[in-house]
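Below, chain A is the first sequence line, B the second, and so on; all start at residue 1. None of these values were measured; they are calculated from a predicted model.
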Amino acid sequence: MAGKNKHISASGFNIINEWLQSKSLQPFPFQEETWQLYAEGLSGIVNAPTGFGKTFSVFLGVVIDWINHNPDYISRKKNGLQLLWVTPLRALAKDVGRAMEEALFELGIPWRVAVRNGDTTTAERQKQKTNTPEVLIITPESLHLLIATKHNKELFKNLKCVAVDEWHELLGTKRGVQVELALSYLKTLSSAESLLRIWGISATIGNLDEALYVLLGDNHNGTIVKADIRKEIAIHTILPETVECFPWAGHLGIRMIEHVLPVIHNNTSTLLFTNVRSQAEMWYQALLDADPDLAGVIALHHSAIDAEVRVWVEEQLHAGTLKVVVCTASLDLGVDFRPVDTVIQVGSPKGIARFLQRAGRSGHSPGAVSNIYFVPTHSLEIVEAAALQEAYEKQLVESRTPVVLAFDTLVQYMVTRAVGDGFVSDDLFAEVRTTNCYRDITDSEWEWLLAFITYGGSLLREYDEYHRVVNVDGVYRVANRRVAMRHRLHIGTIVGEALLRVKFMSGGNVGTIEEYFISKLVPGDVFVLAGRKLELVMIRDMVVYVRKSNAKKAHVPAWAGGRMPLSANLGSVLRHKFQQAALEPHTNELLMFMQPLFQKQQELSVVPKEDELLVELINTKDGYHLFVYPFEGRLVHQAMASLIAYRISQQIPITFSIAMNDYGFELLSDQPIPVTEDNIRALFNPDGWYTDLKRSVNAAEMGRRKFRDVAVISGLVFQGMPGAYKKQRHLQNSTSLIYEVISQNEPSNILLQQAYTEVLAYEIESARLYNALQRIHEHNIIISMPVNLTPFCFPIKVDSLREELSSEKLEDRIKRMQLSAQKQA
DNA sequence: GACCTGCTGCGGGATG
């Protein structure tokens with residue numbers, strides 16, 4: 001290595017590779033020519049599989065390039081801030097910073113690397129102010145907080161480069177919009193001769209070109225540096241003995257535990273991913289019950305577990321003292337420095353990108369293959385295993401759709417700038433329009449937003465708390481210190497659920513639980529959290545006090561999270577696999593295994609081909625059922641079910657109950673459903689879909705809930721000071737009130753409209769719904785009339801039963817129904 | 001406020 005030499009003569013390419021090898025990291029996966037991109041002062045996106053030193057190649061690449069061009073940077077005491085390293089995660093910032101500083105030290109560069117995020121103490125912040133580090137690792141939120149400080153231009157004036165880590169994670173979220181906005185500002189601060197350089201670091205996504213465009217905005221030339229290697233992934237499917245003994249419905253997969261244990265035993269370290277937090281708690285307990293020897297080497301990791309406990313788990317994983325960690329998406333990111341040798345995915349990963357990302361958590365050493373075991377939780381999911389294999393071979397990775405015209409985020413940012421050094425309207429307007437997000441914002445929208453932050457717009461004029469910004473001599477500023485303080489506390493775009501902290505009576509945090517779940521329990525009740533049985537003692541000031549319990553039975557908490565629909569890409573491959581199962585099953589081992597089930601489906605009904613939509617009409621004692629299988633994910637199915645129900649009800653008076661899963665949906669009625677060969681195509685016709693959709697779904701009610709997020713982000717309602725959060729009920733009430741006032745008096749309100757737009761985009765996935773209707777329009781629609789429930793409709797039917805029955809009864813009922821269906825055919 | 005299986009992520013500075 002270069003040691004303490006003050007002059008770096010070797011090419012950055014060699015330096016990086018030497019350095020990576022000395023750390024036993026993967027060699028730099030790019031050609032020496034691509035290295036020149038750093039040296040030429042360009043911007044762009046770096047894309048390589050995990051574990052290939054992307055972080056350090058970018059970091060050392062840009063740093064060494066400057067040093068080579070400006071050797072006196074090394075000797076100078078004060079260079080000012082040179083590089084901003086934006087990362088969506090706090091957790092590993094300190095580790096990354098230390099590693100960067102160490103790398104610089106070994107190269108003889110005495111630069112300082114500092115971290116600034118919510119964990120940074122006031123003293124550390126002060127130190128950064130007087131003694132500016134050359135490199136600052138920061139979250140998007142903290143970056144906006146910096147922009148909300150006085151004289152921030154001073155801090156950024158020497159900035160040469162901004163690197164955005166995990167850009168694929170930020171793209172498609174409002175946190176990504178925050179990055180776009182911050183970059184548009186920082187670009188204006190850099191002088192003409194040294195254009196600010198921007199590097200994004202991204203995993204593979206379907207729209208890398210778009211990701212680049214969004215990152216750079218409209219006045220930059222950029223390039224995509226793509227590693228010419230493909231991470232080898234071995235996908236193993238864990239199968240039951242026969243498909244006949246496997247349940248047709250269910251999502252837990254606990255019965256596969258005997259097949260999973262050998263995988264854990266045959267490997268040194270394993271990550272076991274579940275889709276849901278309660279499922280992780282159950283798997284943790286079930287694994288311990290099945291193999292008590294795992295005690296001490298098994299751990300649990302999900303977002304409701306106390307942060308300190310999670311850090312401990314990550315450290316133990318790193319140190320190699322843990323054999324298996326049961327986790328949710330909480331370990332999707334940030335375990336780069338904590339590789340394992342095996343990954344197990346229980347249940348559908350719902351998307352190809354997520355599956356490959358998780359697979360990549362294993363096999364980090366050079367040349368190693370990533371091993372992922374897929375554990376299906378019900379029969380049809382075995383087809384997903386085949387689909388995932390094909391999707392991997394064809395690299396059908398999903399795209400991330402960038403957020404556009406998020407006015408709530410813009411309102412927040414405008415106040416942020418006003419809290420900082422203030423802004424001139426025309427200048428900020430021009431600046432904001434260089435971003436992809438606000439490229440199409442109109443003059444009148446901008447005027448509306450200005451009015452909104454200065455006097456609350458036409459509706460809230462009388463309330464002083466909405467007069468946040470004042471215009472003094474053409475400069476918009478926040479003059480009131482309390483307003484400024486309150487704004488800083490509310491910077492960010494993540495709006496969470498009402499959480500209560502769970503603490504032992506003796507002290508010590510366990511984790512968090514939702515108001516909704518805990519309100520159903522009374523003192524003395526026992527529930528599970530972080531793998532422990534806890535007795536509820538009392539609830540005081542949003543804290544749940546508990547003590548350890550040895551009770552046999554315990555409630556497993558439910559957390560209300562996202563609905564994670566099956567992705568369009570995976571749905572499409574899945575349809576293909578069903579066709580293959582019908583036409584050429586012998587080409588695939590998994591499909592051969594599934595044959596008995598497909599035969600059953602074929603006997604009772606039809607196995608649809610790729611260009612067919614299957615509709616099943618079934619009569620049972622529950623009533624008249626209509627089942628449809630578009631394989632478009634549960635959100636689209638919910639909307640499509642409402643749409644079809646509405647269209648049928650236009651023909652005759654009829655009411656339905658609706659059920660759906662990721663594969664299809666059900667309409668159930670107590671009268672015969674008038675669907676025939678003659679009218680079926682009209683029911684799915686894309687013409688007039690939007691009008692009918694708006695009449696069939698309760699957009700106003702959905703908008704009301706979405707409006708809460710918009711209201712919080714734009715500063716219409718306040719969540720309270722940290723540590724003294726308002727009860728969610730209060731927040732909901734005040735939001736509801738504002739929603740009523742606005743929707744009745746100012747229906748064109750931009751923030752209200754945004755709530756509706758977001759419902760369409762994210763709750764209904766309307767673009768995808770439209771594409772699905774278009775696709776179906778070109779397909780054959782096959783109506784089948786089975787005499788009994790089919791393997792296809794079974795999981796959907798079970799879903800609709802859940803409401804009526806307790807879980808134990810449900811399990812019995814499933815067995816009975818499955819038995820009866822199997823006999824009938 | 002409703003979901004009932006339902007992920008993840010963030011977070012004070014200016015003044016005395």
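For A/Thr149, taking side-chain heavy atoms from C-beta onward, the closest of the listed nucleotides B/dA14, B/dC10, B/dT8 is B/dA14. Side-chain atoms of A/Asn117 lie closest to B/dG11 of the nucleotides B/dT8, B/dG11, B/dG9. The side chain of A/Leu489 lies closest to B/dG12 when the candidates are B/dG12, B/dG1, B/dA14. Across B/dA2, B/dT8, B/dG11, the shortest atom-to-atom separation from the side chain of A/Leu145 is found for B/dG11. Nearest to the side chain of A/Thr328, among B/dT8, B/dG11, B/dA14, sits B/dT8. Which of B/dG1, B/dG11, B/dG9 sits closest to the side chain of A/Glu141 comes down to B/dG11.
Phosphate proximity of B/dT8 to A/Ser303: present, with a side-chain N or O under 4.0 Å from OP1 or OP2. For the pair A/Ser142 and B/dG11, the criterion of a side-chain N or O lying under 4.0 Å from OP1 or OP2 is met. Residue A/Lys129 has a polar side-chain atom (N or O) positioned under 4.0 Å from OP1 or OP2 of B/dA14. Note on A/Arg704: every side-chain N or O is 4.0 Å or more away from OP1 and OP2 of B/dA2. Applying the 4.0 Å criterion to OP1 and OP2 of B/dG13, one finds that A/Thr122 has every side-chain N and O outside that range. For A/Arg482, no side-chain nitrogen or oxygen approaches OP1 or OP2 of B/dG12 to under 4.0 Å. Put simply, A/Arg486 has no side-chain N or O that comes within less than 4.0 Å of OP1 or OP2 on B/dG13. For B/dG13, the OP1/OP2 oxygens have no side-chain nitrogen or oxygen of A/Arg488 closer than 4.0 Å. Checking the phosphate oxygens (OP1, OP2) of B/dG11, no side-chain nitrogen or oxygen of A/Arg125 falls inside 4.0 Å.
Atoms NE2 (A/His151) and P (B/dT15) sit 8 Å apart, rounded to a whole Å. Distance CZ (A/Phe273) to C1' (B/dT8): 12 Å, rounded to an integer number of Å. Taking atom CZ on A/Arg361 and atom P on B/dT8, their separation rounds to 15 Å, with Å as the unit. Here the P atom of nucleotide B/dC10 and the NE2 atom of A/His144 are 16 Å apart, to the nearest Å. Rounded to whole Å, the distance from NE2 on A/His487 to P on B/dG13 is 12 Å. Rounded to whole angstrom, the span from the CZ atom of A/Arg477 across to the P atom of B/dA14 amounts to 14 Å. Put simply, CG on A/Leu499 is 13 Å from C1' on B/dC10, counting in whole angstrom units. Nucleotide B/dA14 holds its P atom 14 Å from the CD atom of A/Glu154, rounded to whole Å.
For A/Asp421, there are no salt bridge (Lys or Arg N to Asp or Glu O under 4.0 Å) partners at least two apart in sequence or on another chain. Residues passing the side chain to side chain contact (heavy atoms under 4.5 Å, CB included) test with A/Ser567, sequence neighbours excluded: A/Glu398, A/Asn569, A/Leu570.
For the atom pair NE2 of A/His637 and CG of A/Leu566, the computed distance is 8.0 Å after rounding to the nearest 0.5 Å.
Counted by atom type alone, A/Gln128 and A/Glu124 present zero donor-acceptor pairs between their side chains at under 3.5 Å. In summary, the side chains of A/Arg90 and A/Thr139 do not present any donor paired with an acceptor at a separation below 3.5 Å, with no hydrogens or angles considered. For the residue pair A/Glu384 / A/Tyr663, a side-chain donor-acceptor distance below 3.5 Å is found, with atom types taken as modelled. The closest side-chain donor-acceptor pair between A/His490 and A/Gln412, if any, does not fall under 3.5 angstrom.
Comparing A/Arg175 and A/Arg563, the nucleotide of DNA chain B nearest to each residue sits closer to the 5' end for A/Arg563.
Because its glycosidic torsion is within 90° of 0, B/dG12 is reported here as syn.
Here A/Gly118 lies in heavy-atom contact (under 4.0 Å) with sugar-phosphate atoms only. Heavy atoms of A/His302 sit under 4.0 angstrom from primed sugar atoms or phosphate atoms, though from no base atom.
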